[in-house]
Amino acid sequence: MVGTSGGGQNIALIDANNFYVSCERVFNPGLWQRPVVVLSNNDGCAVARSNEVKALGVKMGEPWFRLRTLARQHGIIALSSNYALYADMSQRMMTLLGRFSPRQEIYSIDECFLALDIHDNVTQVGQTIRQEVANWLGLPVGVGIAATKTLAKLANHCAKKRPVYAGVCNFNTMDMDDLEHLMSQIDVAEVWGVGARGSERLHAMGVTNVLALRRADVHRLRKRFSVVMGRIILELNGISCLSLETVTPPRKQIQSSRSFAVPVYEPQELAEALLTFMRRGVRRLRQQGLLAGAMHLFIQTNPFREREPHYCQGVTLPLPSPTDDELQLARLVRQGLDRIYRAGYAYHRAGILLTALERATGQQDDLFADPVARQKNKALMDTLDTLRQRFGRDIIHVAGEGVCHRWAGKSANRSPRYTTNWKELPVVQAG
DNA sequence: TCTGGGGTCCTAGGACCC
DNA sequence: TCTGGGGTCCTAGGACCC
């Protein structure tokens, strides 16, 4: 049967190409056409790759030390990540994209869904979106349009990989036969939510391409896999199971953790690191107007060092009443660390996890909490917030946090924070 | 020598209760 | 000698995403 595959809604997925690399290129045009990677924290692995680097076969998450030789051979430029810059560029892009529809779901730092509630020239609107983002921000984006989120993701993949679509691929206007032929050429691993393990198992069953998965028996696969796989199959058939989440739900957990640049042995040094992570976590907690009901601490050795003894331990510390009080949490960090620390190990990573989060307003008062003490604490925390806003987030530390931070990672080649720091604004030469 | 960090959801299994 | 079963809640671990 021939006919268009659409008829449902026009869900667009807009996704920036190689986002971190593209952000760097906006401010350093010398990077265009060059092989560029952006490295993770600690300059550990490649987390963003330009097309030139992808063409060299470099995989996502590849450790940088293993790429050194290849990098020398091909002149790969490696940059430390600059999250302040990426976050700010992201915010600008999302604001711009939000002008195309009131129904926007910001899905990640570099992509969002938009419900395009129009009937005509939808593909043309996709092109306009691309041009606007390119004109205003200098970022290249791809646009996928389809009846469901999973299909829109797939359409976006096609928009990027197949030049024939010129950056905008609209499944809703495609002939059914053409669409299914296209799907038969795409590996099932490309489908959103299938993943590495899932695609391996599907391949073993003979379900190798997207069309085969679309035509697979929902009930059978739901049983063999999970409800998630059932939803994926329905979504591939144009039956929407994943709604557009236009309101960002409050976080359920906030994590702050890091690998160390050098091995850490001493409890005092671990305490310093954990206190720093706790403070960063609490900062985000307060920014989002939340309180934590529990805090989890963890410390671990390097799992890649097989010849050294491995140790990995964590502890969850419930709080008598939900809080965002740094001083109370600082005491808890020390108590918790005492419980999990074992001497003689080379610690490589540590972190905190704030859980059982709830909104700060409408919070149940602890029967035993002293209201006067609570007021005092709140006033103190608010003062800290104000000072940090004015003088920088690291201006005030919790006692015991230390100032040396031998463990703090390297970030050897970070670009300036062009858009968020007055001292690092780009200077345009006249003439 | 050097291998990220921050999230979400789902499932299985144990504890507990009636 | 017989040795239930169903519901709920919690947690750990797996899988996935970017």
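We name chains A, B, ... by the order of the sequence lines, and we start the count at 1 in each one. Note: hydrogens, waters and symmetry copies are ignored here, and every other heavy atom, side chains too, is used.
- Of the residues A/Leu285, A/Leu291, A/Asp324, the one that meets the side-chain contact (heavy atoms from CB on, under 4.5 Å) test with A/Leu357 is A/Leu285.
- Dashed line: the shortest gap from a side-chain N or O of A/Ser81 to OP1 or OP2 of B/dG4 is not under 4.0 Å.
- Nearest-nucleotide positions on DNA chain B for A/Arg66 and A/Arg284 put A/Arg66 closer to the 5' end.
- For the OP1/OP2 pair of B/dT3 and a distance below 4.0 Å, the side-chain nitrogens and oxygens of A/Arg349 include no atom meeting the criterion.
- Proximity of A/Lys153 to the phosphate of C/dC17: no side-chain N or O atom is located under 4.0 Å from OP1 or OP2.
- A/Glu306 places its CD atom 16 Å from the C1' atom of B/dC2, with the value rounded to the nearest Å.
- Among B/dC2, C/dC18, B/dT11, the nucleotide with an atom closest to any side-chain atom of A/Arg68 is B/dC2.
- Across B/dT11, B/dC2, B/dT3, the shortest atom-to-atom separation from the side chain of A/Ser226 is found for B/dT11.
- The A/Ser108 side chain lies nearest to C/dC18 when the options are C/dC18, B/dC2, B/dG7.
- Across all strands, A/Ile254 comes closer than 4.0 Å only to sugar-phosphate atoms, never to a base (heavy-atom distances).
- Checking the phosphate oxygens (OP1, OP2) of B/dT3, no side-chain nitrogen or oxygen of A/Arg305 falls inside 4.0 Å.
- Comparing B/dC2, C/dC18, B/dG5 against the side chain of A/Phe65 picks out B/dC2 as the nearest.
- The listed nucleotides are C/dC18, B/dG4, B/dT8; the one nearest the side chain of A/Arg251 is B/dT8.
- Looking at the side chain of A/Gln253, the nearest of the listed nucleotides B/dG7, B/dC10, B/dC2 is B/dG7.
- Backbone-only contact: A/Asn41 has heavy atoms under 4.0 Å from sugar-phosphate atoms and none from a base.
- Among the heavy atoms of the strands lying under 4.0 Å from A/Trp192 are primed sugar atoms or P, OP1, OP2 only; no base atom is included.
- The partner of B/dC18, taking Watson-Crick or G-U wobble pairs whose two distances both stay under 3.5 Å, is C/dG5.
- Ion pairing between a basic and an acidic side chain is recognised when a charged N comes within 4.0 Å of a carboxylate O; A/Arg215 and A/Glu180 show such pairing.
- Classification of the A/Phe260-A/Phe277 ring pair by plane angle, with boundaries at 30° and 60°, yields parallel.
- Here the P atom of nucleotide B/dT8 and the CG atom of A/Leu353 are 10 Å apart, to the nearest Å.
- Between A/Pro263 and A/Phe225, the residue whose closest nucleotide on DNA chain B is further toward the 5' end is A/Pro263.
- With contacts defined as side-chain heavy-atom distances shorter than 4.5 Å, the pair A/Met229/A/Arg222 does not qualify.
- The side chain of A/Arg258 approaches B/dG5 more closely than any other nucleotide in the set B/dG5, C/dC18, B/dT3.
- Residue A/Gly351 is out of contact with every strand shown, counting any heavy-atom pair closer than 4.0 Å.
- In summary, A/Lys153 and A/Glu111 engage in a salt bridge, as defined by a charged side-chain N under 4.0 Å from a carboxylate O.
- Using modelled atom types, one finds no donor on one side chain facing an acceptor on the other under 3.5 Å when comparing A/Ser101 with A/Gln104.
- The aromatic rings of A/Trp192 and A/Tyr107 lie perpendicular to each other, with more than 60° between the two planes, well past the 30° mark.
- Between A/Phe260 atom CZ and B/dT3 atom P there is a gap of 13 Å when expressed in whole angstrom units.
- Atom pair A/Leu285:CG and B/dG6:P shows a separation of 15 Å (rounding to whole Å applied).
- Protein atom CD of A/Gln255 is 18 Å distant from nucleotide atom P of C/dC18, rounded to whole Å.
- With C/dC17, B/dC9, B/dG4 as the choices, the nucleotide that has an atom nearest any side-chain atom of A/Arg231 turns out to be B/dC9.
- Taking atom CD1 on A/Ile109 and atom C1' on B/dG4, their separation rounds to 14 Å, with Å as the unit.
- Taking atom OH on A/Tyr83 and atom P on C/dC18, their separation rounds to 15 Å, with Å as the unit.
- Between B/dG6 and A/Ser257, a contact under 4.0 Å exists linking OP1 or OP2 to a side-chain N or O.
- If you take CZ of A/Arg222 and C1' of B/dC10, they are 14 Å apart, rounded to a whole angstrom.
- Contacts of A/His296 with the nucleic acid, taken as non-hydrogen atoms under 4.0 Å apart, are absent.
- Among the atoms of the strands shown, none is found under 4.0 Å from any heavy atom of A/Phe19.
- Nearest to the side-chain atoms of A/Arg197 among the listed nucleotides C/dA15, B/dC10, B/dT8 stands C/dA15.
- C/dC17 and B/dG4 have their C1' atoms separated by 15 Å, with the value rounded to a whole Å.
- Heavy atoms of A/Asp110 sit under 4.0 angstrom from primed sugar atoms or phosphate atoms, though from no base atom.
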